[in-house]
2 protein chains.
Amino acid sequence: MKRDPTGWLRPLDFKRGCIEMNHGAGGRLGAQLVDELFARAFDNDFLRQGNDGACLPAPPPGHRLVLATDAHVISPLFFPGGNIGSLAVHGTVNDVAMLGATPLYLSASFVLEEGLPLAELRRIVEAMADASRGCGVPVVTGDTKVVERGKGDGVFIGTTGLGALPAGREIGGANARPGDVLLLSGTIGEHGVAVLSQRESLQFDSAIESDSAALHGLVAALLAAVPEGAVHVLRDPTRGGLATTLNEIARQSGVGMRLDEAAIPVLPQVAAACELLGLDPLYIANEGKLVAFVAPEAADAALAALQAHPLGRHAARIGEAVADAHRFVRMNTAVGGQRVVDWLSGEPLPRIC
Amino acid sequence: MKRDPTGWLRPLDFKRGCIEMNHGAGGRLGAQLVDELFARAFDNDFLRQGNDGACLPAPPPGHRLVLATDAHVISPLFFPGGNIGSLAVHGTVNDVAMLGATPLYLSASFVLEEGLPLAELRRIVEAMADASRGCGVPVVTGDTKVVERGKGDGVFIGTTGLGALPAGREIGGANARPGDVLLLSGTIGEHGVAVLSQRESLQFDSAIESDSAALHGLVAALLAAVPEGAVHVLRDPTRGGLATTLNEIARQSGVGMRLDEAAIPVLPQVAAACELLGLDPLYIANEGKLVAFVAPEAADAALAALQAHPLGRHAARIGEAVADAHRFVRMNTAVGGQRVVDWLSGEPLPRIC
């Protein structure tokens, strides 16, 4: 007899089964959930070590480490273009990549609500595993907890990413300088509009899909195309959208910005949906876009590199950083005026990522 | 004027204020919560980088990495001997330490429920920061999300720990061998009983406090006292207690075990509480204890090293690993009989960590 704690349990019923409190109690059912779902979906040598943590090789010589973490609480769990599982991978891979590091490993922790259909959980975990394989960034360790019905919201996923950063590479939100060219890797607003439309059961003429994607390949292509040191800041404009991200960078770097509204790409169906909903695409979350602050002499090469990558086809030069003690983000509007693109204040778009 | 997004907001009201959805929406209020609470409490050079991830030095030459992650969903949030904040630090530091690694950095992600009093959140975050400083393991990066009232349970905390593991050190759940001596670092059951008593509003004659503590110092003392390679397995018996942990190790290593019930230390007030509640201390969670599987020739030195450390004063030799194709954990009972210490099956003790 093999002393397998799940040996005398029926296999999990992924058609009709639901998460029970016992799945989180540290006994047979918990071990079964790990074995039959998580370990199977994410399977890799590190996870197979089977300890409460994973032993990993050191980064390549001369590299530092990057650690980034996210809690994902998106509602609804499924949306056009992805679900919380794929989003959790992309979001954290992108946070690591935005520092110029190569994402290497992910950890994942799940807070499951009692009553969650196992079929839904499996779809989420499999999407997460697919996204992880697609990125080449394995989930090497994890944890699962269960909370009572009404004390959670289906699934929350915490992901942490670990990456390797080459010596001498200094990319960060505090490094923008007056004169830097602002590049945006593509159209804005799809993720937020896709989630909102799903949440409000809105039907638009053309389907709007989330842009959720892992950007480490795009970052690698960008960095390979310009001299080391030419890219000063990279950031993915997620929660709060492009406007919030640019204000954060203005604050950290102590610069102002001048944007050209006509240059900021927005899909027509997103623009139409935003008009209908009274939203400004500048404040809508993206999950597959980046902004880059690039030294002016490298801007053309950087833009060409972005545009040559499938995830940067619609990349555009959208403005520049300027000296401004007030750290204002100003925009020349499409109709010839000028406005300040301010911090988001009252209006909430919560549970978007 | 400094372009500070929180400059024209009143300071957070930690006496009467509560978490609002806007604190998670990626605007001024979110930045304020980070600035006035999280960044202030956890303050360190890495966190001050202010990016969506932290740049960290490489591990010392010749070291590998260890990555461990936990979701913490304990109910109630406050319990005798700690709260979810201190627990989140200790739990993850311990998972890293149990592989023989030195814990270096933590990440933290928070899922906050709308309506959570800011006073409670501050107590939790400050306890977490104190625990982090006490361990010498800084929180270097983080994330905060807010969910609607009734979609969470006050606070959930996801923590991930990163550690450095010396070359050649191989400690893990699969490495137990027949003949290994089982050492337990102290009394069992305090954490689970402390949480349960708080949850059920039970009053015991003597207060029972959680044993929540960081064990990396104890591990370092143990490893320093014996030859490299003499400690085969280290694990902290948390969820599911000592019985579940030993069964997990038996399964991973393909060995059986023989325990001596009379040798397993249990505080009298914990034994009494367990009898009252109909619980077996073997299945109750601990948060400041470890079991070590040690080569027999090193067992005396290992036990002495544990006992010489403040967190191992009551350490004891509780049994041994034996060859057993069935991987049974058997126990000689205090009354002279023998029983199988089985996996926890039906009985749930959820939300204990």
Side-chain angles (χ1 to χ4, degrees), chain A residues 1 3 5 21-22 24-28 49-59 63-71 73 95-96 98-99 105 107 109 111 140-143 145-147 150-151 153 156 158 160 162 165 172-173 239-240 244 250-252 326-327 343-345 348-350, chain B residues 1 3 5 21-22 24-28 49-59 63-71 73 95-96 98-99 105 107 109 111 140-143 145-147 150-151 153 156 158 160 162 165 172-173 239-240 244 250-252 326-327 343-345 348-350:
Chain A
M1 184 196 123
R3 182 136 186 82
M21 290 309 294
N22 268 331
R28 276 190 193 117
Q49 294 169 2
N51 293 310
D52 290 339
C55 290
L56 306 168
H63 283 63
R64 289 160 295 161
L65 298 168
V66 163
L67 192 70
T69 197
D70 284 297
V73 300
D95 282 348
V96 172
M98 292 307 134
L99 292 166
Y105 308 107
S107 71
S109 65
V111 176
V140 297
T141 190
D143 187 28
K145 296 283 160 68
V146 178
V147 297
K151 301 291 185 184
D153 196 15
F156 301 142
T160 301
L162 182 62
L165 181 66
R239 202 166 27 161
T244 302
R251 179 193 186 194
Q252 273 186 273
H326 299 308
R327 308 175 191 187
W343 286 83
L344 187 71
S345 54
L349 287 174
Chain B
M1 183 197 122
R3 183 137 186 81
M21 291 308 295
N22 268 332
R28 276 190 194 119
Q49 294 169 2
N51 293 309
D52 290 339
C55 291
L56 306 168
H63 284 64
R64 290 160 293 160
L65 299 168
V66 163
L67 192 70
T69 198
D70 284 296
V73 300
D95 281 349
V96 172
M98 292 306 134
L99 292 166
Y105 308 107
S107 71
S109 65
V111 176
V140 297
T141 190
D143 187 29
K145 297 283 161 68
V146 178
V147 297
K151 301 291 187 185
D153 196 14
F156 301 141
T160 300
L162 182 63
L165 181 66
R239 202 166 29 161
T244 302
R251 178 193 185 195
Q252 273 185 273
H326 299 308
R327 307 175 192 188
W343 286 82
L344 189 70
S345 55
L349 287 174

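A note on names: the letters A, B, ... follow the listed sequences, proteins ahead of strands, and every chain is numbered from 1.
Atom CG of Asn51(A) sits about 10.0 Å away from atom CG of Asp95(B), to the nearest 0.5 Å.
The two residues Ala71(A) and Asp143(B) have their closest heavy-atom pair at N-OD2, 2.8 Å. Contact record, Phe156(A) with Lys151(B): CZ-O, 3.2 Å, taken as the closest heavy-atom pair. Nearest heavy-atom pair, Ala54(B) versus Leu99(A), reported as atom, atom and distance to 0.1 Å: N-CD1, 4.2 Å. Residues Leu65(B) and Pro57(A) approach most closely at CD1-O, 3.7 Å, considering heavy atoms. Across Ala58(A) and Pro59(B), no two heavy atoms sit closer than the pair CB-CG, 4.3 Å.
Contact of Thr244(A) with chain B is made through the side chain alone, with heavy-atom distances under 4.5 Å. For chain B, the nearby part of Val146(A) is the backbone; its heavy atoms alone come within less than 4.5 Å.
Among Leu67(A), Val66(A), Leu162(A), the one residue that satisfies the side chain to side chain contact (heavy atoms under 4.5 Å, CB included) test with Leu56(B) is Leu67(A).
For Arg239(A) (side chain) and Gly24(B) (main-chain N/O), a donor-acceptor pair under 3.5 Å exists by modelled atom type.
Ranked by heavy-atom pairs under 4.5 Å with chain A, the list Gly240(B), Gly158(B), Gly50(B), Gly173(B) is led by Gly50(B). Between chain A and the residues Gln252(B), His63(B), Gln49(B), the largest count of heavy-atom pairs under 4.5 Å involves Gln252(B). When each of Leu165(B), Val96(B), Val140(B), Val147(B) is scored by its heavy-atom pairs under 4.5 Å with chain A, the top score falls to Val147(B).
A 4.5 Å side-chain heavy-atom check between Ser109(A) and Thr160(B) finds every atom pair outside the cut-off.
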